[in-house]
Amino acid sequence: MNYTIMLITSFSILLPAIAGIVRYRKIDPSFRPFLILVWIGLANELLSVWVAENGHSNAINSNIYVLVESLMITWQFRRWGNFERVPRMFYLLVAILIAGWGLENFYFFSIRSFSSWFRILYSLIIVLMSVHQINRLILRERGAMLKNPVFLICLGFIVYFTYKAIIETFWVYGLNTGREFRINVYLILAWINFLVNCIFALAILWIPTKLRFTLPS
Amino acid sequence: MDSHQASIYAAVLIVSVVVGLILAYFLVSLIRQQRRYQQLHKARILAEVTTLERERARIASDLHDEIGPLLLAARYKLNGLDPQSAEDELIMKGINDHLDGILQRMREISNDLLPESLLRKGLVVAIGESVRRISGTDNLTIQFTFGVVRDLPQEKSIHLYRIVQELIQNTLKHARSTLLELDLREIRGKLVLEARDNGQGFDQRSRQAELKGMGLRNLLTRTEILGGHMYLDTFPGRGTHYLFEWPL
(Lines give C-alpha, C1' and ligand atoms only; values in the text may rest on other atoms or scores of the structure.)
Protein backbone atom coordinates (compact mmCIF):
# COMPACT_ATOMS: atom_id res chain seq x y z
CA MET A 1 0.00 0.00 0.00
CA ASN A 2 2.75 2.41 1.03
CA TYR A 3 4.72 1.52 -2.11
CA THR A 4 1.67 2.25 -4.28
CA ILE A 5 1.14 5.62 -2.58
CA MET A 6 4.79 6.50 -3.05
CA LEU A 7 4.62 5.47 -6.69
CA ILE A 8 1.52 7.60 -7.34
CA THR A 9 2.90 10.62 -5.51
CA SER A 10 6.26 10.28 -7.29
CA PHE A 11 4.57 10.20 -10.67
CA SER A 12 2.58 13.32 -9.83
CA ILE A 13 5.52 14.95 -11.62
CA LEU A 14 3.58 13.97 -14.75
CA LEU A 15 1.26 16.93 -14.05
CA PRO A 16 3.90 19.67 -14.50
CA ALA A 17 5.69 17.59 -17.16
CA ILE A 18 2.56 17.41 -19.35
CA ALA A 19 1.71 21.06 -18.69
CA GLY A 20 5.26 21.90 -19.75
CA ILE A 21 5.01 19.93 -22.99
CA VAL A 22 1.71 21.57 -23.91
CA ARG A 23 2.93 25.11 -23.15
CA TYR A 24 6.63 24.85 -24.06
CA ARG A 25 6.47 27.01 -27.19
CA LYS A 26 4.11 29.56 -25.65
CA ILE A 27 6.01 30.48 -22.51
CA ASP A 28 8.76 32.94 -21.78
CA PRO A 29 12.16 31.30 -22.54
CA SER A 30 13.54 32.29 -19.12
CA PHE A 31 11.55 29.39 -17.59
CA ARG A 32 13.09 26.70 -19.80
CA PRO A 33 15.65 25.39 -17.24
CA PHE A 34 12.76 24.64 -14.88
CA LEU A 35 10.80 22.80 -17.57
CA ILE A 36 13.85 20.77 -18.56
CA LEU A 37 14.37 19.92 -14.88
CA VAL A 38 10.78 18.66 -14.60
CA TRP A 39 11.29 16.37 -17.59
CA ILE A 40 14.62 15.12 -16.24
CA GLY A 41 12.83 14.47 -12.91
CA LEU A 42 10.20 12.40 -14.71
CA ALA A 43 12.88 10.45 -16.59
CA ASN A 44 14.65 9.77 -13.28
CA GLU A 45 11.43 8.49 -11.68
CA LEU A 46 10.87 6.13 -14.62
CA LEU A 47 14.46 4.92 -14.46
CA SER A 48 14.23 4.41 -10.68
CA VAL A 49 11.09 2.28 -11.04
CA TRP A 50 12.67 0.23 -13.84
CA VAL A 51 15.88 -0.32 -11.82
CA ALA A 52 13.92 -1.22 -8.67
CA GLU A 53 11.65 -3.62 -10.59
CA ASN A 54 14.79 -5.39 -11.81
CA GLY A 55 15.99 -5.84 -8.25
CA HIS A 56 18.77 -3.25 -8.24
CA SER A 57 19.39 -0.11 -6.20
CA ASN A 58 18.53 3.24 -7.74
CA ALA A 59 21.37 4.90 -5.82
CA ILE A 60 23.53 5.70 -8.88
CA ASN A 61 20.84 7.42 -10.92
CA SER A 62 19.51 9.19 -7.80
CA ASN A 63 22.97 10.45 -6.90
CA ILE A 64 23.51 11.74 -10.44
CA TYR A 65 20.01 13.25 -10.48
CA VAL A 66 20.57 15.33 -7.32
CA LEU A 67 23.63 16.95 -8.92
CA VAL A 68 21.72 17.70 -12.14
CA GLU A 69 18.78 19.02 -10.11
CA SER A 70 20.94 21.35 -8.02
CA LEU A 71 22.72 22.74 -11.10
CA MET A 72 19.52 23.17 -13.12
CA ILE A 73 17.80 25.03 -10.28
CA THR A 74 20.84 27.28 -9.80
CA TRP A 75 20.79 27.97 -13.56
CA GLN A 76 17.08 28.78 -13.33
CA PHE A 77 17.73 31.32 -10.57
CA ARG A 78 20.41 32.86 -12.74
CA ARG A 79 17.87 33.24 -15.57
CA TRP A 80 15.54 34.98 -13.12
CA GLY A 81 18.28 37.47 -12.30
CA ASN A 82 19.27 36.28 -8.81
CA PHE A 83 22.96 36.84 -9.53
CA GLU A 84 22.67 40.16 -11.38
CA ARG A 85 24.51 42.13 -8.73
CA VAL A 86 27.24 39.54 -8.11
CA PRO A 87 27.53 37.39 -11.27
CA ARG A 88 30.56 35.54 -9.87
CA MET A 89 28.36 34.10 -7.12
CA PHE A 90 26.74 31.83 -9.72
CA TYR A 91 30.07 30.27 -10.69
CA LEU A 92 31.06 29.99 -7.03
CA LEU A 93 27.85 28.14 -6.19
CA VAL A 94 28.24 25.80 -9.17
CA ALA A 95 31.81 25.06 -8.07
CA ILE A 96 30.67 24.40 -4.47
CA LEU A 97 27.89 22.07 -5.65
CA ILE A 98 30.13 20.07 -7.99
CA ALA A 99 32.94 19.87 -5.43
CA GLY A 100 30.52 18.83 -2.66
CA TRP A 101 28.94 16.17 -4.85
CA GLY A 102 32.32 14.86 -6.03
CA LEU A 103 33.74 14.66 -2.51
CA GLU A 104 30.68 12.86 -1.17
CA ASN A 105 30.35 10.33 -4.00
CA PHE A 106 33.99 9.63 -4.81
CA TYR A 107 36.01 10.48 -1.70
CA PHE A 108 34.04 10.10 1.53
CA PHE A 109 31.34 7.68 0.35
CA SER A 110 30.43 5.77 -2.83
CA ILE A 111 28.17 6.75 -5.71
CA ARG A 112 26.62 3.27 -5.33
CA SER A 113 25.14 4.12 -1.92
CA PHE A 114 22.83 6.82 -0.61
CA SER A 115 24.33 9.54 1.51
CA SER A 116 22.79 12.69 2.88
CA TRP A 117 25.40 15.45 3.21
CA PHE A 118 25.18 16.76 -0.35
CA ARG A 119 21.39 16.56 -0.24
CA ILE A 120 21.32 18.73 2.89
CA LEU A 121 23.81 21.18 1.36
CA TYR A 122 21.98 21.74 -1.92
CA SER A 123 18.57 21.81 -0.23
CA LEU A 124 19.75 24.66 1.98
CA ILE A 125 21.27 26.52 -0.97
CA ILE A 126 18.02 26.21 -2.95
CA VAL A 127 15.90 27.37 0.00
CA LEU A 128 18.16 30.42 0.47
CA MET A 129 18.06 31.26 -3.26
CA SER A 130 14.25 30.92 -3.20
CA VAL A 131 13.93 33.25 -0.19
CA HIS A 132 16.16 35.77 -1.95
CA GLN A 133 14.06 35.56 -5.12
CA ILE A 134 10.81 36.03 -3.17
CA ASN A 135 12.29 39.10 -1.47
CA ARG A 136 13.04 40.54 -4.93
CA LEU A 137 9.48 39.79 -6.02
CA ILE A 138 7.94 41.68 -3.10
CA LEU A 139 9.52 44.86 -4.44
CA ARG A 140 8.78 44.19 -8.11
CA GLU A 141 5.51 42.31 -8.42
CA ARG A 142 2.56 44.67 -8.92
CA GLY A 143 -0.17 42.03 -9.22
CA ALA A 144 -1.33 39.09 -7.12
CA MET A 145 1.66 37.11 -5.83
CA LEU A 146 -0.29 33.85 -5.89
CA LYS A 147 -0.61 34.15 -9.67
CA ASN A 148 3.08 34.80 -10.16
CA PRO A 149 4.76 31.63 -11.51
CA VAL A 150 8.18 32.57 -10.08
CA PHE A 151 6.63 32.97 -6.64
CA LEU A 152 4.80 29.63 -6.90
CA ILE A 153 7.92 27.78 -8.05
CA CYS A 154 10.02 29.35 -5.26
CA LEU A 155 7.31 28.46 -2.76
CA GLY A 156 7.39 24.85 -3.99
CA PHE A 157 11.17 24.79 -3.66
CA ILE A 158 11.05 26.19 -0.10
CA VAL A 159 8.43 23.69 1.06
CA TYR A 160 9.99 20.62 -0.58
CA PHE A 161 13.65 21.32 0.14
CA THR A 162 13.04 22.41 3.74
CA TYR A 163 11.44 19.04 4.46
CA LYS A 164 14.06 17.24 2.45
CA ALA A 165 16.87 18.88 4.47
CA ILE A 166 15.13 17.98 7.76
CA ILE A 167 14.57 14.36 6.77
CA GLU A 168 18.08 13.91 5.41
CA THR A 169 19.37 15.28 8.72
CA PHE A 170 17.53 12.45 10.48
CA TRP A 171 19.40 9.93 8.30
CA VAL A 172 22.74 11.59 9.06
CA TYR A 173 22.04 10.94 12.74
CA GLY A 174 21.53 7.23 12.04
CA LEU A 175 17.76 7.11 12.46
CA ASN A 176 17.12 5.05 9.31
CA THR A 177 17.73 1.68 10.89
CA GLY A 178 14.24 0.21 10.44
CA ARG A 179 12.84 -0.26 6.93
CA GLU A 180 9.24 0.44 7.98
CA PHE A 181 10.30 3.57 9.87
CA ARG A 182 12.23 4.82 6.83
CA ILE A 183 9.29 4.20 4.49
CA ASN A 184 6.89 6.00 6.84
CA VAL A 185 9.16 9.04 7.02
CA TYR A 186 9.60 9.05 3.24
CA LEU A 187 5.83 8.88 2.94
CA ILE A 188 5.61 12.35 4.49
CA LEU A 189 8.06 13.63 1.88
CA ALA A 190 6.10 11.82 -0.85
CA TRP A 191 2.90 13.69 0.05
CA ILE A 192 4.80 16.96 0.16
CA ASN A 193 6.24 16.05 -3.23
CA PHE A 194 2.69 15.54 -4.52
CA LEU A 195 1.57 18.93 -3.18
CA VAL A 196 4.62 20.66 -4.66
CA ASN A 197 4.13 19.00 -8.07
CA CYS A 198 0.55 20.32 -8.12
CA ILE A 199 1.92 23.83 -7.33
CA PHE A 200 4.49 23.43 -10.13
CA ALA A 201 1.78 22.40 -12.61
CA LEU A 202 -0.24 25.47 -11.66
CA ALA A 203 2.84 27.67 -12.00
CA ILE A 204 3.57 26.33 -15.50
CA LEU A 205 0.00 27.05 -16.55
CA TRP A 206 0.46 30.64 -15.37
CA ILE A 207 3.82 31.29 -17.00
CA PRO A 208 3.25 34.27 -19.33
CA THR A 209 4.19 34.28 -23.02
CA LYS A 210 6.44 37.26 -22.37
CA LEU A 211 7.73 38.76 -19.14
CA ARG A 212 6.38 42.13 -18.04
CA PHE A 213 8.91 44.90 -17.55
CA THR A 214 9.23 45.85 -13.90
CA LEU A 215 11.49 47.88 -11.67
CA PRO A 216 11.73 47.79 -7.87
CA SER A 217 9.25 50.27 -6.39
CA MET B 1 8.19 -0.06 14.01
CA ASP B 2 9.24 -0.67 17.64
CA SER B 3 8.19 1.76 20.38
CA HIS B 4 11.45 3.76 20.13
CA GLN B 5 11.03 4.20 16.38
CA ALA B 6 7.35 5.04 16.83
CA SER B 7 8.21 7.86 19.24
CA ILE B 8 10.85 9.19 16.83
CA TYR B 9 8.31 8.97 14.01
CA ALA B 10 5.85 10.96 16.14
CA ALA B 11 8.59 13.55 16.66
CA VAL B 12 9.18 13.71 12.89
CA LEU B 13 5.47 14.23 12.32
CA ILE B 14 5.31 17.00 14.93
CA VAL B 15 8.35 18.71 13.42
CA SER B 16 6.75 18.46 9.96
CA VAL B 17 3.49 20.01 11.17
CA VAL B 18 5.31 22.81 13.03
CA VAL B 19 7.49 23.60 10.00
CA GLY B 20 4.36 23.50 7.81
CA LEU B 21 2.59 25.98 10.08
CA ILE B 22 5.60 28.31 10.12
CA LEU B 23 5.80 28.18 6.31
CA ALA B 24 2.05 28.82 6.00
CA TYR B 25 2.29 31.83 8.33
CA PHE B 26 5.33 33.08 6.41
CA LEU B 27 3.40 32.76 3.14
CA VAL B 28 0.23 34.51 4.36
CA SER B 29 2.07 37.39 6.03
CA LEU B 30 4.29 37.80 2.97
CA ILE B 31 1.36 38.05 0.59
CA ARG B 32 -0.47 40.50 2.86
CA GLN B 33 2.60 42.70 3.23
CA GLN B 34 3.22 42.71 -0.52
CA ARG B 35 -0.39 43.68 -1.21
CA ARG B 36 -0.24 46.52 1.33
CA TYR B 37 3.13 47.67 0.03
CA GLN B 38 1.89 47.76 -3.56
CA GLN B 39 -1.24 49.70 -2.57
CA LEU B 40 0.94 52.29 -0.82
CA HIS B 41 3.31 52.41 -3.77
CA LYS B 42 0.46 52.97 -6.22
CA ALA B 43 -1.10 55.68 -4.05
CA ARG B 44 2.28 57.42 -3.76
CA ILE B 45 3.07 57.44 -7.49
CA LEU B 46 -0.48 58.51 -8.30
CA ALA B 47 -0.17 61.46 -5.90
CA GLU B 48 3.24 62.41 -7.33
CA VAL B 49 2.13 62.27 -10.96
CA THR B 50 -1.19 64.04 -10.27
CA THR B 51 0.65 66.87 -8.51
CA LEU B 52 3.12 67.09 -11.39
CA GLU B 53 0.35 67.24 -14.00
CA ARG B 54 -1.60 69.86 -12.03
CA GLU B 55 1.52 72.00 -11.74
CA ARG B 56 2.24 71.66 -15.47
CA ALA B 57 -1.35 72.59 -16.33
CA ARG B 58 -1.15 75.62 -14.01
CA ILE B 59 2.12 76.84 -15.53
CA ALA B 60 0.80 76.28 -19.08
CA SER B 61 -2.35 78.20 -18.22
CA ASP B 62 -0.38 81.07 -16.59
CA LEU B 63 1.87 81.35 -19.62
CA HIS B 64 -1.00 81.24 -22.09
CA ASP B 65 -3.57 83.36 -20.25
CA GLU B 66 -1.45 85.86 -18.30
CA ILE B 67 2.06 86.28 -19.67
CA GLY B 68 0.89 86.00 -23.31
CA PRO B 69 -1.65 88.87 -23.17
CA LEU B 70 0.84 91.04 -21.23
CA LEU B 71 3.48 90.55 -23.93
CA LEU B 72 0.92 91.25 -26.68
CA ALA B 73 -0.19 94.42 -24.90
CA ALA B 74 3.43 95.52 -24.61
CA ARG B 75 3.90 94.94 -28.35
CA TYR B 76 0.78 96.95 -29.26
CA LYS B 77 1.96 99.82 -27.07
CA LEU B 78 5.37 99.69 -28.66
CA ASN B 79 3.86 99.72 -32.15
CA GLY B 80 1.76 102.74 -31.16
CA LEU B 81 4.89 104.84 -30.60
CA ASP B 82 5.97 107.30 -33.27
CA PRO B 83 9.67 106.81 -34.03
CA GLN B 84 11.60 110.08 -34.41
CA SER B 85 14.50 108.71 -36.40
CA ALA B 86 15.58 105.77 -38.52
CA GLU B 87 17.68 104.59 -35.57
CA ASP B 88 14.57 104.55 -33.31
CA GLU B 89 12.69 102.60 -35.98
CA LEU B 90 15.47 100.06 -36.12
CA ILE B 91 15.46 99.66 -32.32
CA MET B 92 11.64 99.25 -32.35
CA LYS B 93 11.88 96.60 -35.04
CA GLY B 94 14.52 94.78 -32.98
CA ILE B 95 12.31 94.88 -29.85
CA ASN B 96 9.32 93.68 -31.92
CA ASP B 97 11.35 90.74 -33.25
CA HIS B 98 12.42 89.88 -29.70
CA LEU B 99 8.83 89.98 -28.49
CA ASP B 100 7.71 87.75 -31.38
CA GLY B 101 10.46 85.31 -30.52
CA ILE B 102 9.45 85.32 -26.83
CA LEU B 103 5.77 84.78 -27.73
CA GLN B 104 6.63 81.93 -30.09
CA ARG B 105 8.88 80.22 -27.51
CA MET B 106 6.27 80.75 -24.82
CA ARG B 107 3.62 79.04 -26.99
CA GLU B 108 6.00 76.12 -27.55
CA ILE B 109 6.71 75.74 -23.83
CA SER B 110 3.02 76.01 -23.02
CA ASN B 111 2.25 73.42 -25.68
CA ASP B 112 4.92 71.07 -24.34
CA LEU B 113 3.53 71.41 -20.84
CA LEU B 114 -0.03 70.67 -21.92
CA PRO B 115 -0.90 70.64 -25.65
CA GLU B 116 -4.11 72.43 -26.45
CA SER B 117 -4.78 70.00 -29.28
CA LEU B 118 -4.79 67.16 -26.73
CA LEU B 119 -7.55 68.85 -24.80
CA ARG B 120 -9.53 69.99 -27.85
CA LYS B 121 -8.95 67.40 -30.57
CA GLY B 122 -7.91 64.32 -28.67
CA LEU B 123 -4.95 62.02 -28.24
CA VAL B 124 -4.35 60.84 -31.81
CA VAL B 125 -4.29 64.38 -33.25
CA ALA B 126 -1.98 65.59 -30.45
CA ILE B 127 0.47 62.73 -31.01
CA GLY B 128 0.34 63.35 -34.78
CA GLU B 129 1.17 67.04 -34.28
CA SER B 130 3.98 66.24 -31.86
CA VAL B 131 5.44 63.66 -34.27
CA ARG B 132 5.31 66.12 -37.21
CA ARG B 133 7.06 68.77 -35.12
CA ILE B 134 9.88 66.52 -33.91
CA SER B 135 10.34 64.17 -36.89
CA GLY B 136 13.54 65.06 -38.72
CA THR B 137 15.35 66.27 -35.58
CA ASP B 138 18.78 64.65 -35.19
CA ASN B 139 18.20 62.52 -38.35
CA LEU B 140 15.35 60.68 -36.63
CA THR B 141 12.30 59.95 -38.76
CA ILE B 142 9.18 59.18 -36.77
CA GLN B 143 6.29 57.27 -38.34
CA PHE B 144 3.00 57.28 -36.50
CA THR B 145 0.21 54.89 -37.49
CA PHE B 146 -3.04 54.34 -35.68
CA GLY B 147 -6.26 52.37 -35.80
CA VAL B 148 -9.63 53.14 -34.35
CA VAL B 149 -9.17 54.58 -30.86
CA ARG B 150 -12.23 55.53 -28.87
CA ASP B 151 -12.45 58.84 -27.01
CA LEU B 152 -10.60 58.54 -23.74
CA PRO B 153 -10.99 60.49 -20.51
CA GLN B 154 -8.72 63.54 -20.43
CA GLU B 155 -6.61 62.24 -17.54
CA LYS B 156 -5.94 59.00 -19.39
CA SER B 157 -5.12 60.84 -22.62
CA ILE B 158 -2.57 62.99 -20.79
CA HIS B 159 -0.80 59.91 -19.38
CA LEU B 160 -0.73 58.27 -22.83
CA TYR B 161 0.55 61.45 -24.45
CA ARG B 162 3.33 61.69 -21.85
CA ILE B 163 4.29 58.08 -22.55
CA VAL B 164 4.65 58.85 -26.26
CA GLN B 165 6.65 62.01 -25.41
CA GLU B 166 8.96 59.95 -23.19
CA LEU B 167 9.43 57.29 -25.88
CA ILE B 168 10.39 59.95 -28.43
CA GLN B 169 12.76 61.66 -25.97
CA ASN B 170 14.37 58.33 -25.03
CA THR B 171 14.91 57.52 -28.70
CA LEU B 172 16.35 60.96 -29.42
CA LYS B 173 18.65 60.93 -26.38
CA HIS B 174 19.91 57.36 -26.21
CA ALA B 175 18.96 55.17 -29.16
CA ARG B 176 21.11 56.62 -31.97
CA SER B 177 18.27 55.56 -34.21
CA THR B 178 17.21 56.82 -37.64
CA LEU B 179 13.66 55.46 -37.54
CA LEU B 180 11.05 55.28 -34.80
CA GLU B 181 7.74 53.59 -35.60
CA LEU B 182 4.80 54.29 -33.33
CA ASP B 183 1.51 52.45 -33.58
CA LEU B 184 -1.60 52.99 -31.47
CA ARG B 185 -4.77 50.95 -31.80
CA GLU B 186 -7.42 48.95 -29.97
CA ILE B 187 -6.95 45.19 -30.09
CA ARG B 188 -9.41 42.82 -28.43
CA GLY B 189 -10.67 45.30 -25.84
CA LYS B 190 -7.20 46.63 -25.06
CA LEU B 191 -5.46 49.81 -26.05
CA VAL B 192 -2.11 48.78 -27.50
CA LEU B 193 0.83 51.08 -28.14
CA GLU B 194 3.93 49.78 -29.90
CA ALA B 195 7.18 51.63 -30.42
CA ARG B 196 10.07 50.17 -32.38
CA ASP B 197 13.36 51.81 -33.27
CA ASN B 198 16.38 50.68 -35.26
CA GLY B 199 18.89 52.09 -32.77
CA GLN B 200 21.65 50.62 -30.65
CA GLY B 201 19.43 48.96 -28.02
CA PHE B 202 20.70 48.23 -24.51
CA ASP B 203 21.19 45.48 -21.96
CA GLN B 204 17.85 45.43 -20.19
CA ARG B 205 18.93 43.25 -17.25
CA SER B 206 21.94 45.35 -16.32
CA ARG B 207 19.86 48.54 -16.64
CA GLN B 208 17.29 47.04 -14.27
CA ALA B 209 19.96 45.78 -11.87
CA GLU B 210 21.68 49.17 -11.73
CA LEU B 211 18.28 50.87 -11.27
CA LYS B 212 19.23 53.27 -14.04
CA GLY B 213 16.93 55.05 -16.41
CA MET B 214 14.45 57.62 -15.14
CA GLY B 215 12.86 57.46 -18.59
CA LEU B 216 12.03 53.78 -18.17
CA ARG B 217 10.72 54.41 -14.68
CA ASN B 218 8.46 57.22 -15.93
CA LEU B 219 7.10 54.95 -18.65
CA LEU B 220 6.45 52.19 -16.13
CA THR B 221 4.89 54.53 -13.57
CA ARG B 222 2.35 55.96 -16.02
CA THR B 223 1.63 52.52 -17.44
CA GLU B 224 0.88 51.24 -13.95
CA ILE B 225 -1.31 54.24 -13.10
CA LEU B 226 -3.46 53.31 -16.10
CA GLY B 227 -3.57 49.69 -14.90
CA GLY B 228 -1.61 48.39 -17.88
CA HIS B 229 1.50 46.37 -18.58
CA MET B 230 4.75 47.27 -20.27
CA TYR B 231 6.90 44.83 -22.24
CA LEU B 232 10.40 45.66 -23.35
CA ASP B 233 12.41 43.71 -25.89
CA THR B 234 15.90 45.05 -26.49
CA PHE B 235 19.47 43.90 -26.85
CA PRO B 236 22.67 45.78 -27.63
CA GLY B 237 22.83 46.34 -31.39
CA ARG B 238 19.29 45.12 -32.09
CA GLY B 239 17.12 48.18 -31.51
CA THR B 240 14.38 48.55 -28.94
CA HIS B 241 10.79 47.37 -29.02
CA TYR B 242 8.28 48.62 -26.47
CA LEU B 243 4.81 47.20 -26.13
CA PHE B 244 2.15 48.67 -23.85
CA GLU B 245 -1.27 47.23 -23.14
CA TRP B 246 -4.03 48.93 -21.18
CA PRO B 247 -7.51 47.64 -20.42
CA LEU B 248 -10.31 49.79 -21.88
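All heavy atoms count here, side chains included; hydrogens, waters and symmetry mates do not.
Neither the backbone nor the side chain of B/Leu219 comes within contact range of chain A; no heavy atoms are under 4.5 Å apart. For a residue to count as touching a neighbouring chain, one of its non-hydrogen atoms must lie under 4.5 Å from one of that chain's; by this rule B/Ile45 does not touch chain A. With a threshold of 4.5 angstrom between heavy atoms, B/Leu23 approaches chain A through side-chain atoms but not through N, CA, C or O. Heavy-atom distances place the side chain of A/Ile134, and not its backbone, under 4.5 Å from chain B. Contacts between B/Gln33 and chain A at a heavy-atom distance below 4.5 Å are absent for every atom of the residue.
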Return all side-chain donor-acceptor pairs below 3.5 angstrom for residues 137-147 of chain B, not counting sequence neighbours, or 'none' if the list is empty.
unit_1   : atom_1 : unit_2   : atom_2 : d
B/Thr137 : OG1    : B/Ile134 : O      : 2.5
B/Thr145 : OG1    : B/Leu182 : O      : 3.3
B/Thr145 : OG1    : B/Asp183 : OD1    : 2.6

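Atom CZ of B/Arg32 sits in a sparse spot, with 12 or fewer heavy atoms from other residues, nucleotides or ligands closer than 6.0 Å. No more than 12 heavy atoms of other residues, nucleotides or ligands sit less than 6.0 Å from atom CE of A/Met89. More than 12 heavy atoms of other shown residues, nucleotides or ligands fall within 6.0 angstrom of atom CH2 in A/Trp206. More than 12 heavy atoms of other residues, nucleotides or ligands shown are found within 6.0 angstrom of CD on B/Glu108. Summarising the local packing, CZ of B/Arg176 is surrounded by 12 or fewer heavy atoms from other residues, nucleotides or ligands at distances under 6.0 Å. Other residues, nucleotides and ligands contribute only 12 or fewer heavy atoms inside 6.0 Å of the CZ atom of A/Phe194. Other residues, nucleotides and ligands place no more than 12 heavy atoms under 6.0 Å from the CH2 atom of A/Trp117.
Distance check: B/Gln34 CD to A/Glu141 CD gives 6.0 Å after rounding to the nearest 0.5 Å. The distance from atom OG1 of A/Thr209 to atom OH of B/Tyr231, rounded to the nearest 0.5 Å, is 6.5 Å.
Counting all heavy atoms, side chain and backbone alike, B/Gln38 lies closest to A/Ile138 at NE2-O, 3.3 Å. Here the shortest heavy-atom pairing between A/Phe181 and B/Tyr9 reads CE1-N, 3.5 Å.
Interface summary for chain A: among B/Ile31, B/Leu220, B/Leu232, B/Thr223, the most heavy-atom pairs under 4.5 angstrom belong to B/Leu220. Most heavy-atom pairs under 4.5 Å with chain B, from the set A/Leu137, A/Leu155, A/Thr162: that is A/Leu155.
When the options B/Thr234, B/Asp233, B/Leu216 are evaluated for a side-chain contact (heavy atoms from CB on, under 4.5 Å) with A/Phe213, the one that passes is B/Leu216.
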One pair to check against side-chain contact (heavy atoms from CB on, under 4.5 Å): B/His41 and A/Arg142. What are the steps and the verdict?
CA-CA 9 Å; B/His41 167 71; A/Arg142 308 288 196 257; 3.9 Å; yes
